[in-house]
J.: 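Starting off with a structure, shown below.
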Amino acid sequence: GSDAALLFGEVSGKHFTSPPQACSLLFTPEGKVKQFTIGYVMDRCIGNTGGMGGFFGVLHAVGKTLPFEEGKSWAPSWGYALYVEVGRVFGRLRLLTAKDEAERYRLEKAMIKMPAATDDIE
């Protein structure tokens with residue numbers, strides 16, 4: 001898609017590509033829709049919306065990011081980055097105890113990898 005004046009002024013002509021998103025419906029006992037959920041991103045690495053779905057993603061892609069955390073693209077917190085790094089250290093230590101190349105290969109494939117910040121993914 002491309003942006004329109006939306007709610008924020010002039011058209012920029014920028015285009016957006018949304019990631020795949022899931023939606024869900026919750027029904028009443030009478031069969032009426034009680035809740036409709038949209039914008040649940042299934043793969044934040046696809047598209048140019050900063051990993052966000054729905055209207056937040058469209059705004060991000062056209063350069064009109066919202067001023068609160070939920071309106072910004074994902075980036076790992078320092079606590080999460082530390083958690084991943086500690087896991088990697090223990091994983092490398094475990095590699096030292098591998099009995100053979102097959103076990104070493106299996107352990108290397110299972111090692112934790114730090115996901116990139118969404119804006120770093122092209």
Side-chain angles (χ1 to χ4, degrees):
S2 64
D3 80 331
L6 297 173
L7 304 173
F8 300 99
E10 294 295 315
V11 176
S12 71
K14 294 181 181 176
H15 288 76
F16 65 90
T17 303
S18 295
Q21 300 174 53
C23 64
S24 65
L25 297 167
L26 187 61
F27 297 94
T28 66
E30 297 80 31
K32 294 182 179 180
V33 175
K34 178 178 176 180
Q35 180 178 340
F36 181 43
T37 304
I38 62 169
Y40 188 85
V41 174
M42 298 170 63
D43 186 346
R44 65 181 172 80
C45 298
I46 296 175
N48 66 342
T49 64
M52 293 179 286
F55 194 57
F56 287 10
V58 173
L59 290 176
H60 178 81
V62 299
K64 298 174 181 174
T65 301
L66 296 168
F68 44 84
E69 289 303 311
E70 294 81 3
K72 296 178 183 172
S73 61
W74 181 85
S77 67
W78 70 268
Y80 181 70
L82 177 64
Y83 169 78
V84 171
E85 190 56 38
V86 167
R88 290 176 68 192
V89 167
F90 280 104
R92 285 192 290 269
L93 290 174
R94 178 68 177 94
L95 284 174
L96 297 174
T97 65
K99 297 174 189 156
D100 54 32
E101 283 302 312
E103 183 179 11
R104 182 178 179 78
Y105 177 79
R106 182 182 56 78
L107 290 170
E108 284 176 344
K109 288 294 183 186
M111 290 201 41
I112 298 171
K113 294 176 179 63
M114 182 64 175
T118 304
D119 286 338
D120 295 339
I121 300 170
E122 293 295 326

J.: Heavy-atom distance under 4.5 Å between the side chains of T37 and S24, does that happen here?
T.: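 Side chain of T37 against side chain of S24, heavy atoms only: contact under 4.5 Å found.
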J.: Check which hydrophobic residues are tied to F90 through side-chain heavy-atom contacts below 4.5 Å, counting indirect links as well, and list them.
T.: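 Listed partners: W78, L82, V86, V89, L93, L96.
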J.: By salt bridge (Lys or Arg N to Asp or Glu O under 4.0 Å), which residues pair with E69, not counting sequence neighbours?
T.: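 E69: salt bridge (Lys or Arg N to Asp or Glu O under 4.0 Å) contacts with K72.
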J.: Would you say the side chain of I46 lies within less than 4.5 Å of the side chain of P20, judging by non-hydrogen atoms?
T.: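 Side chain of P20 against side chain of I46, heavy atoms only: contact under 4.5 Å found.
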J.: Apply side chain to side chain donor-acceptor pair (under 3.5 Å) to R106 and list each qualifying residue two or more places apart in sequence or on a separate chain.
T.: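 Partners of R106 under the side chain to side chain donor-acceptor pair (under 3.5 Å) test: none.
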J.: Between T65 and L59, is there a side-chain heavy-atom distance shorter than 4.5 Å?
T.: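 L59 does not reach T65 side chain to side chain.
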J.: Are M42 and M52 connected into the same hydrophobic cluster when the rule is that any two of I, L, V, M, F, W, Y join if their side-chain heavy atoms are below 4.5 Å apart?
T.: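 As far as the 4.5 Å side-chain criterion goes, M42 and M52 are not connected within one cluster.
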J.: Should E108 and L95 count as side-chain neighbours, where that means a heavy-atom distance under 4.5 Å?
T.: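 Answer yes - side chains close enough.
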J.: Partners of E101 by side chain to side chain donor-acceptor pair (under 3.5 Å), sequence neighbours excluded?
T.: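 Testing E101 for side chain to side chain donor-acceptor pair (under 3.5 Å), a comparison that skips the adjacent residues, returns none.
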J.: Heavy atoms only: give me the nearest G50-S73 pair and the separation to one decimal.
T.: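 The answer is O-CB, 3.2 Å.
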J.: Taking all atoms of both residues into account, what is the closest heavy-atom pair of G71 and F56, and its distance?
T.: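 Heavy-atom minimum between the residues: CA-CD2, 4.1 Å.
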J.: Under 3.5 Å, is there a donor on one side chain and an acceptor on the other for H60 and T49?
T.: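 No, because no side-chain N or O of H60 sits under 3.5 Å from a partner of the opposite role on T49.
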J.: Mind checking what makes ring pair (Phe, Tyr, Trp, His ring centres under 6.0 Å) contact with F36, not counting sequence neighbours?
T.: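 Partners of F36 by the ring pair (Phe, Tyr, Trp, His ring centres under 6.0 Å) criterion come out as none, since no residue qualifies.
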J.: Using 0.5 Å steps for rounding, measure from the OG1 atom of T17 to the CG atom of N48.
T.: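 Here the interatomic distance stands at 5.0 Å.
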J.: Could I get the full list of side-chain contact (heavy atoms from CB on, under 4.5 Å) partners for T97, not counting sequence neighbours?
T.: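 So T97 forms a side-chain contact (heavy atoms from CB on, under 4.5 Å) with R94.
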J.: For the residue pair K32 and F27, establish whether any side-chain heavy-atom pair is separated by less than 4.5 Å.
T.: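 No, side chains not in contact.
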J.: Of L26, T28, L25, which meets side chain to side chain contact (heavy atoms under 4.5 Å, CB included) against Q35?
T.: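 Exactly one pass, corresponding to L26.
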J.: Taking all non-hydrogen atoms of both residues into account, name the closest pair between D43 and P19 and its distance.
T.: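 Closest pair (atom of D43, atom of P19, distance): O-CB, 3.3 Å.
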J.: Please check this pair: side chain of E85 against backbone of A81, looking for a donor-acceptor N/O pair closer than 3.5 Å.
T.: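 Side chain of E85 to backbone of A81: no pair is present.
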J.: Are V33 and I38 in one and the same hydrophobic cluster, where Ile, Leu, Val, Met, Phe, Trp and Tyr link if side-chain heavy atoms are under 4.5 Å apart?
T.: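 Linked within one cluster.
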